[in-house]
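Structure first, commentary second.
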Amino acid sequence: MARILVVDDAAITRTMLRAVLERAGHTVTEAADGDAALAAFRDTPAQAAFVDIFMPGKEGLATIQELLELAPGLPIVAISAGSTFTDTETLGWAKSYGAAEVLAKPLAAEAVLSALDRLLGR
């Protein structure tokens with residue numbers, strides 16, 4: 001199965017994604033912010049990533065951009081609960097930064113696995 005990087009400042013979201021992805025046979029690396037994600041990716045490159053848009057420090061759009069500089073074509077799923085903007089606006093921005101898929105929180109296990117399967121060509 002695949003190595004997946006999960007980037008979200010909310011521990012509960014990271015825990016949920018880890019459980020869903022590991023149950024499906026994937027290996028998961030977690031990061032609580034963009035800088036930690038980039039460091040983790042440099043140490044152990046992932047085959048796909050789930051990246052939250054709104055995080056303290058290096059936010060998701062910059063993280064997506066930098067991950068793609070390190071690994072052009074890396075399949076990235078942007079995730080967001082929204083903000084003062086709507087989910088569709090922020091997730092649309094993520095697509096313009098290179099995210100291949102977008103998911104609005106709260107995340108459903110089936111949607112997570114379906115998005116990942118599409119990205120990994122399964």
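Being a predicted model, the structure only gives us computed values, none of them experimental.
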Between L17 and L107, is the side chain to side chain contact (heavy atoms under 4.5 Å, CB included) condition met? List the steps. CA-CA 9 Å; L17 283 169; L107 301 171; 3.9 Å; yes
Checking F50 against V112 for the side chain to side chain contact (heavy atoms under 4.5 Å, CB included) test, could you report, in this order, the C-alpha distance in whole Å, the side-chain angles of both residues, the deciding distance, and whether it holds? CA-CA 9 Å; F50 286 81; V112 166; 3.7 Å; yes
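Within the 3.5 Å criterion, the main-chain N or O of W93 finds a donor-acceptor partner in the side chain of S96.
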Identify every side-chain donor-acceptor pair in residues 61-73 under 3.5 Å, counting partners at least two apart or on other chains, and give the distances.
{"residue": "T63", "atom": "OG1", "partner": "E59", "partner atom": "O", "Å": "2.8"}
{"residue": "E66", "atom": "OE2", "partner": "K58", "partner atom": "NZ", "Å": "2.9"}

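Distance check: R18 CZ to T13 OG1 gives 13.5 Å after rounding to the nearest 0.5 Å. Here OG1 of T29 is found 10.5 Å from CZ of F41. Values are rounded to the nearest 0.5 Å. Atom CG of L120 and atom CG of L113 lie 10.5 Å apart (nearest 0.5 Å). Atom CG of L21 and atom CG of L5 lie 11.0 Å apart (nearest 0.5 Å). For the atom pair L116 CG and H26 NE2, the distance stands at 4.5 Å (nearest 0.5 Å).
Between I79 and V51, the closest side-chain pair of non-hydrogen atoms is not below 4.5 Å.
The shortest heavy-atom contact between M55 and D33 is SD-CA, 4.0 Å. The minimum heavy-atom distance between A31 and A36, with the atom names listed, is CB-C, 3.8 Å. Closest approach of I53 and A94 over heavy atoms only: CD1-CB, 3.6 Å.
Residues meeting the salt bridge (charged side-chain N to carboxylate O under 4.0 Å, His left out) test with R14, sequence neighbours left out: E30. Residues satisfying the side chain to side chain contact (heavy atoms under 4.5 Å, CB included) test with A100, not counting sequence neighbours, are L119. Residues that satisfy the side chain to side chain contact (heavy atoms under 4.5 Å, CB included) test with A109, not counting sequence neighbours, are V20.
Applying the side chain to side chain donor-acceptor pair (under 3.5 Å) definition to pairs two or more places apart or across chains, those involving residues 1-10 are D8-K105.
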